[in-house]
Every structure is written in C-alpha cells, then in structure tokens.
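Handing you a structure now.
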Amino acid sequence: MEKLRLRFAPSPTGALHIGGVRTALYNYLLAKKHGGTFILRIEDTDQARFVPGAEDYIKEALEWFGLVPDEGPGYGGDHGPYRQSERKELYQKYTTQLVEAGRAYYAFDTPEELAAQREQDPNFKYDASVRMRLKNSLTLPQEEVAHALAEGKDYVIRLKVPENETVSVQDKVRGQVSFDSNELDDKVLLKADGMPTYHMANVVDDYLMEITHVIRGEEWLSSTAHHVLLYRALGWESRMPEFAHLPLILRPDGKGKLSKRDGARFGFPVFPLSWNGQTEEDSFTGFREYGFLPEAAINFLALLGWNPGTEQEVFSLEELVDTFSVERINKSGTRFDIDKAKWFNQQYIIKADAGYLLEKVRPIIKAHGYEPGDAFLRGFIELMRERAITLGDFWENGYFFFEEPREYDEKMIQKRWAPERKGLFDELAGQLHSLNGYTAENIKAQAEAFINEKGLKFGDVLPILRLGVAGTMKGPAIFEMMELLGKEEVDRRLRKAFVQFNELSNP
RNA sequence: GGCCCGUUCGUCUAGGGGUUAGGACGCAAGAUUUUCAUUCUUGUAACACGGGUUCGAUUCCCGUACGGGCUACCA
C-alpha cells in the first residue's frame with residue numbers, strides 16, 4: 001500500500017475552533033495508524049480575513065495536544081512551501097492552463113454587477129445557463145479580452161462547469177453522493193487579487209503534496225463535486241485523494257453548528273487555547289486555561305463522531321492510533337457535551353502520573369502566590385486529585401493547604417459547635433500539639449483516646465477539627481490533611497478558629 | 001427557495017430482519033468513606049412519523065416531518 005499522506009489545512013483567521021482540532025486529530029490518527037505522514041498546511045488565501053498570530057496559535061494548539069506535524073511551515077518537509085500565500089504562482093500557472101484547455105475562463109463582471117444580478121434574482125447563480133450572457137472570455141471578442149487583460153483590468157478565472165453530467169463523489173463516511181452538474185455554479189478559481197480560492201488551492205496542493213486522504217468537515221461535502229470536476233479538468237482524476245466528510249459538531253442546545261460565540265454563551269471552552277483578540281468579544285478561554293489535560297480533551301474529541309465499537313471509553317493517543325478507523329466514523333451531527341468532557345478530565349486527573357500532574361498544578365498554585373516544595377505539593381495533589389474535575393479545582397477546592405481558611409462554614413458551626421466546649425477543644429489541641437511524630441496515624445490515635453476519655457463521639461470532634469483547619473466540610477481525610485499541614489500550622493489554626501467559633505455562635 | 005447530508009435513552013453511542021434494544025455521561029437511590037470526592041450496586045430513560053417489502057420490521061425501500069450543511073472574488 002502506498003504511504004498515506006494526510007493534511008490538516010486550517011485557515012489562519014483567528015483561534016482554531018475545537019471542531020478543527022477534531023479534524024486534525026482524525027487526520028493525525030489515520031496517518032499514524034498506517035505509518036503515514038501528517039502535514040500542516042496554512043490556507044491563507046483570504047487576505048482580508050488574515051489574523052496575525054493565528055498560525056502560531058494553531059501550531060501551539062496542535063503541539064499542546066501532541067499532534068505534531070511531520071511536515072509544515074516550520075516543521076520541514078520537501079513538499080513545501082506549506083503556506084498557500086507562498087504558492088501563488090503555482091495556482092496561477094494551473095488556472096491559466098485550465099483556461100487554455102477550455103476548462104475555465106476569464107470573467108470581468110465586477111462584484112457590483114454580480115450583486116445587482118442577485119438583487120434582481122435572489123437565486124442568481126453564475127452557471128451554464130447564464131454564463132453566455134455575462135462579461136467573460138466566452139462571450140467577449142478575443143481582441144477585447146486580450147485588451148482587457150493587457151490593460152490590467154480586474155478579472156477572475158472561473159471553472160467552466162460541464163452541462164448535463166452527474167458528478168459522483170465516493171465518500172468514506174457517506175458512500176456515494178451524486179450531484180447534477182446543472183446545479184453547480186462556475187466557481188471562481190482565481191480571485192482578482194491573484195489569490196486562488198479554496199477550491200483551486202486545495203486541489204492543486206493536495207495533488208502536488210501527494211495527499212492520499214482528505215478528512216474534513218461536512219460543510220465541504222457540497223463543494224466536493226466542484227473539486228472532482230477540477231481534478232478531472234486538470235487531468236489528475238486518477239490521483240484524486242479519498243474523501244471522508246466528518247459530521248459537524250453541534251451546539252449543546254442543538255441549534256446549528258458550534259460557533260466561537262457559543263463558548264461564552266454556554267460557559268465552557270470551544271477553543272484549545274485562550275485567545276486574546278482585538279476586542280473582548282473576540283477573546284476566549286481555552287481548554288488548557290480552563291484546566292483540561294490535553295489527553296482528556298483528545299479522548300473526548302476522539303469519541304465525538306467516532307467510536308471503536310467496543311465498550312472502552314478511555315484511550316491514550318497511542319491507543320487511539322491503534323484503534324481508529326475511518327469506517328467507524330458516524331454520519332450524524334454531534335452535540336457538544338461539556339459534562340462528558342469534564343468526566344474525562346476527572347478520570348485523567350485521578351489516573352495521571354504524579355510527576356506529570358505536579359508540573360501541571362505547580363503553576364496554578366504559583367499564580368496564587370505560593371511556591372511550596374515538591375514533597376508538600378505531591379502530598380497535596382494526592383489528597384486532592386480525586387476531588388478535582390479541572391486543574392483549577394486544585395486551588396479552588398484546596399486553597400486552605402496554602403493559607404488559612406478565608407471563612408468558616410457558619411451553618412455547620414451553629415450545628416456542631418457549643419461555646420461551652422471551647423475548653424475541651426483547647427485541651428485536645430494542646431494534646432495534639434505535644435504529639436511526637438505528627439503523622440495521620442498518631443493524630444488519629446490521640447484523638448480517639450481523647451474522645452473515649454471524655455465520653456464524646458467522633459461526630460462531636462472530627463467536624464470541629466475539619467472546620468478549624470479548612471473552614472469547610474468538604475475536603476480530604478482530616479488526619480491526613482493535618483499531617484501534611486504540620487503541627488504548628490494546625491495548632492495555630494485551631495486556636496484561632498475556636499475563638500472565632502465562639503463569636504460566630506454568639507452573635 | 002434550490003441542492004446535499006442526517007434522524008436509537010436528555011447527551012455521546014452499540015446493535016441490526018425475530019434481542020429483556022447493550023454501554024458511557026447526566027440524573028436519582030443505596031453501600032463504602034463519621035465530611036466532600038472517589039469507588040461499587042441499583043434505578044431512570046430511546047429505535048421521529050406514515051406507507052410498503054416480509055411470516056415478522058427499530059433494522060431494508062419509498063415518502064413525510066424535523067434537524068443540519070452549502071448556496072461569496074470566505075475558508
């Protein structure tokens with residue numbers, strides 16, 4: 001079998017959408033499964049929509065996920081350049097070739113003229129039925145065309161779509177899809193600014209870059225008929241790649257495909273990394289900054305539109321590479337379910353390697369002004385990992401490992417604290433403070449002895465210790481927590497808390 | 001509007017002419033943990049509709065409805 005070559009071809013118009021990441025992932029998986037090549041190509045043919053920084057963003061996002069291209073701008077490869085803006089002459093050469101072969105033509109209609117046509121007829125389409133009435137090299141005298149060209153008049157090159165043909169596409173996901181060529185318009189191939197349109201550029205590049213499989217979103221299915229026609233016109237039909245069109249990722253409420261604005265609307269990320277656009281409107285929080293592990297996000301994305309047919313849910317990238325197959329990609333659109341994504345993240349946090357997690361959590365703690373030693377941080381992570389859904393939760397739910405409780409759960413204090421017991425608890429604090437070997441085990445033994453001696457119940461004492469140390473009832477095992485915080489810190493907190501408890505229960 | 005694609009629990013999905021229609025997330029209940037979380041158990045809940053074909057359709061075919069995509073000198 002010929003070596004597989006697949007490309008991910010985003011356009012640098014802003015942050016990379018999460019649906020784009022899934023497309024990249026599937027391309028990567030299929031390439032790697034067969035020992036093929038994964039290529040990044042930047043489709044920057046729309047100068048009006050070009051956004052500086054977008055290309056770097058795309059690369060950083062791919063790398064964060066571990067989807068590192070084998071070829072691409074900055075990645076090497078002998079099929080470059082990998083930015084379409086740097087391949088301009090190529091497209092011009094091939095479109096000219098098409099014109100000469102009678103498969104395309106020059107069109108001189110101005111955008112204003114076309115707009116006027118559309119105003120007159122909302123269904124106006126530049127196709128075989130009207131092309132002979134418009135201003136192009138098919139209708140104008142040859143000298144006039146030559147003159148216009150020599151004069152530098154604006155023109156585009158359009159594909160001359162043949163009449164009365166059925167154009168069929170073999171799609172790996174959907175099977176055969178057919179179009180009536182009379183429904184197809186004469187797509188612009190080369191724009192007035194000399195840049196190609198997507199249609200021309202992607203066909204030329206896929207051919208030149210020897211792409212074997214095109215995996216892209218379903219929004220491209222309709223125009224694939226044009227692409228087939230182009231391969232034919234260029235005489236490349238035998239080298240045409242196989243197509244697989246992915247189901248779209250839909251909004252959680254099911255109304256249309258997921259868009260960049262939906263992140264803000266529904267309160268979860270739809271981008272891999274945060275993006276700071278020109279305006280707040282155009283700025284987004286990413287999966288990374290939201291506290292996702294890249295492995296978890298990949299796992300979630302992989303299962304959005306594909307499944308292995310087994311009951312396995314958790315997959316490493318390597319396992320995905322082994323298991324993936326285009327045949328098992330789904331046809332129907334897929335709702336974006338953030339709860340499932342969070343569940344994956346939680347699973348990955350629980351199972352993550354300690355050293356790995358340490359490096360993910362350290363910067364979060366540091367951002368709040370604390371730089372604990374590795375031993376402490378490790379202990380903290382082990383106590384908290386089963387209680388974190390996002391990385392941010394380590395701080396949100398465990399900040400009291402680094403600083404005193406900011407507040408005490410008043411309801412619980414009302415319920416559990418009795419002012420007359422302050423003396424009793426001071427005594428317990430004293431006993432714990434004089435403990436030798438401040439381990440969870442020893443603390444527990446001492447507390448137990450105290451409880452028995454005083455005729456108390458665990459429920460009288462443990463919540464008070466927890467509240468005193470953490471301020472909240474939510475958290476890891478209390479004695480473990482105390483051991484990690486250390487004798488002096490715990491004693492300080494307890495003494496202070498008991499005073500506070502009295503105030504809180506006697507307003 | 002036209003063309004194209006799709007439709008199994010709320011969501012992601014398995015399945016496929018005869019099944020108690022399976023799993024996961026979520027939700028609910030219980031057990032464990034004297035907290036919270038984890039874990040475990042149980043429960044909840046689905047084949048869009050109408051015609052065919054067939055001894056038998058959720059599964060195959062055709063319609064309808066609904067949803068989505070495309071319909072730019074954007075990708």
Side-chain angles (χ1 to χ4, degrees), chain A residues 9-13 20 43-49 84 107 109-111 114-115 118 122-126 154-158 169 171 173-175 177-180 182-185 187-199 201-202 216-225 245 247-248 250-252 254-257 300 303-314 328 330-344 346-347 350 383-389 393 397 409 412 457-463 465-467 470 472-478:
Chain A
S11 102
T13 53
E43 309 231 331
D44 54 349
T45 54
D46 186 347
Q47 313 200 295
R49 292 206 308 155
Q84 291 185 328
D109 320 84
T110 64
L114 294 176
R118 287 193 190 92
N123 289 327
F124 172 81
K125 220 168 26 174
Y126 206 122
D154 270 359
Y155 67 90
V156 301
I157 294 179
R158 285 181 183 271
V169 179
D171 187 88
V173 173
R174 281 149 226 284
V177 181
S178 301
F179 301 84
D180 179 349
N182 295 334
E183 300 286 346
L184 272 24
D185 65 337
K187 282 259 179 286
V188 170
L189 265 19
L190 198 73
K191 300 184 269 187
D193 65 1
M195 280 290 197
T197 57
Y198 171 85
H199 309 293
N202 107 89
R216 77 220 311 190
E218 193 190 338
E219 67 267 31
W220 294 112
L221 186 56
S222 297
S223 49
T224 307
H245 288 93
L248 262 13
L250 273 18
R251 291 167 41 149
K255 295 194 168 69
K257 66 174 173 177
F300 165 69
L303 262 13
L304 225 50
W306 170 85
N307 79 85
T310 65
E311 289 185 352
Q312 187 178 351
E313 296 273 341
V314 178
R328 295 202 62 90
N330 283 101
K331 292 179 179 66
S332 47
T334 302
R335 219 67 61 80
F336 186 90
D337 180 10
I338 192 65
D339 283 331
K340 191 83 173 250
K342 285 179 178 174
W343 178 79
F344 273 115
Q346 184 178 31
Q347 295 300 307
I350 289 170
L383 290 180
M384 287 302 296
R385 72 199 299 170
E386 284 182 355
R387 278 159 266 260
I389 291 174
D393 289 342
N397 302 335
D409 182 338
M412 282 311 291
K457 285 177 289 189
F458 273 72
D460 296 324
V461 174
L462 266 42
L465 291 178
R466 175 176 296 283
L467 252 13
T472 167
M473 289 302 290
K474 297 180 184 178
I478 176 64

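No hydrogens, no waters, no symmetry mates; every other heavy atom, side chains included, goes into these values. Every chain is numbered from 1 and lettered A, B, ... according to where its sequence line falls, protein lines coming before strand lines.
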Return a table of donor-acceptor pairs under 3.5 angstrom between the side chains of residues 189-197 of chain A and protein atoms on other chains or two or more places apart.
unit_1: A/Lys191; atom_1: NZ; unit_2: A/Thr45; atom_2: O; d: 3.0
unit_1: A/Asp193; atom_1: OD1; unit_2: A/Met195; atom_2: N; d: 2.8
unit_1: A/Thr197; atom_1: OG1; unit_2: A/Val188; atom_2: O; d: 2.8

Sugar-phosphate means primed atoms, P, OP1 and OP2; the rest is base. With that split, encode nucleotides 70-75 of chain B 5' to 3' as B, S or - using protein heavy atoms under 4.0 Å. S-SBBB
Between B/G68, B/C3, B/C4, which nucleotide has the shortest distance from any of its atoms to the side chain of A/Glu218? B/G68
With sequence neighbours excluded, what pairs up with A/Arg387 under the side chain to side chain contact (heavy atoms under 4.5 Å, CB included) test? A/Met384, A/Pro476
Sequence-distant partners of A/Trp220, ring-ring contact (aromatic ring centres under 6.0 Å, His included), two or more places apart: A/Tyr198
Residue set satisfying salt bridge (charged side-chain N to carboxylate O under 4.0 Å, His left out) with A/Asp409, at least two apart, ordered chain then number -> none
Which atom names give the shortest non-hydrogen contact between A/Lys125 and A/Asn182, and what distance separates them? NZ-O, 4.3 Å
Now, which nucleotide makes the Watson-Crick or G-U wobble pair with B/U7, with each of the two distances under 3.5 Å? B/A65
Counter-base of B/A28, judged by Watson-Crick or G-U geometry with both distances under 3.5 Å: B/U42
Rounding to an integer number of Å, can you tell me how far A/Leu383 CG sits from B/U33 P? 19 Å
Can you tell me, in whole Å, how much space there is between the P of B/C9 and that of B/A21? 15 Å
Heavy-atom protein contacts under 4.0 Å, nucleotides 7-15 of chain B, coded B base, S sugar-phosphate only, - none: S---SBSSS
Nearest-Å distance once atom P is located in both B/A28 and B/U33: 22 Å
CZ of A/Phe179 versus C1' of B/C3: gap in Å, rounded? 8 Å
Measuring only the C1' atom in each nucleotide, how far is B/G18 from B/C62? A whole number of Å is fine. 24 Å
Just jot down the side chain to side chain contact (heavy atoms under 4.5 Å, CB included) partners of A/Ser222, sequence neighbours excluded, or say none. none
Under the side chain to side chain donor-acceptor pair (under 3.5 Å) test, which residues partner A/Arg118, sequence neighbours left out? none
A/Lys331 versus A/Arg174, closest heavy-atom pair with distance: O-NH1, 3.3 Å
Inspect the contact between A/Asp46 and A/Arg49 and indicate whether a charged nitrogen and a carboxylate oxygen are less than 4.0 angstrom apart. yes
Could you check which nucleotide pairs with B/G18 in any of the strands shown, counting Watson-Crick or G-U wobble with both distances under 3.5 Å? B/C55
Please list, chain by chain and in numerical order, all residues satisfying side chain to side chain donor-acceptor pair (under 3.5 Å) with A/Asp171, sequence neighbours excluded. A/His245
Please tabulate the protein-to-nucleotide N/O contacts below 3.5 Å involving nucleotides 36-39 of chain B, giving atom names and distances.
unit_1: B/C36; atom_1: O2; unit_2: A/Arg387; atom_2: NH1; d: 2.9
unit_1: B/C36; atom_1: O2; unit_2: A/Gly475; atom_2: O; d: 3.3
unit_1: B/C36; atom_1: N3; unit_2: A/Arg387; atom_2: NH1; d: 2.4
unit_1: B/C36; atom_1: N3; unit_2: A/Gly475; atom_2: O; d: 3.4
unit_1: B/A37; atom_1: O2'; unit_2: A/Glu386; atom_2: O; d: 2.0
unit_1: B/U38; atom_1: OP1; unit_2: A/Gln346; atom_2: NE2; d: 3.4
unit_1: B/U39; atom_1: OP1; unit_2: A/Gln347; atom_2: NE2; d: 3.4

Can you tell me, in whole Å, how much space there is between the C1' of B/U20 and that of B/A45? 15 Å
When you compare B/A14 with B/U7, how far apart are their P atoms, in angstrom units rounded to a whole number? 10 Å
Name all residues meeting the side chain to side chain donor-acceptor pair (under 3.5 Å) criterion together with A/Thr310; count only those two or more places apart in sequence or in a different chain, and write none if there are none. none
d(CD, A/Glu311; P, B/G22) in whole Å: 11 Å
Counting only Watson-Crick or G-U wobble pairs whose two distances fall under 3.5 Å, which nucleotide matches B/C70? B/G2
N/O donor-acceptor pair under 3.5 Å between A/Arg328 side chain and A/Trp306 backbone: no
Pairwise C1' distance for B/C25 and B/U32, with rounding to whole Å: 23 Å
Any donor-acceptor pair under 3.5 Å linking the side chain of A/Glu311 with the backbone of A/Glu313? no
When you compare B/U58 with B/U19, how far apart are their C1' atoms, in angstrom units rounded to a whole number? 11 Å
Across the strands shown, which category fits A/Leu221 at heavy-atom distances under 4.0 angstrom: base, sugar-phosphate, nothing? sugar-phosphate
Between B/A48 and B/G68, how far apart are the two C1' atoms, rounded to whole Å? 15 Å
Which part of the nucleic acid, if any, lies within reach of A/Arg174 when heavy atoms closer than 4.0 Å are counted: base, sugar-phosphate only, or nothing? sugar-phosphate
Measuring from A/Asp109:CG to A/Asp154:CG, what's the distance to the nearest 0.5 Å? 12.0 Å
What does the list of N/O pairs under 3.5 Å between the protein and nucleotides 46-50 of chain B look like, with a distance for each?
none

Taking side chain as C-beta onward, heavy atoms only, is A/Thr472 less than 4.5 Å from A/Lys474? yes
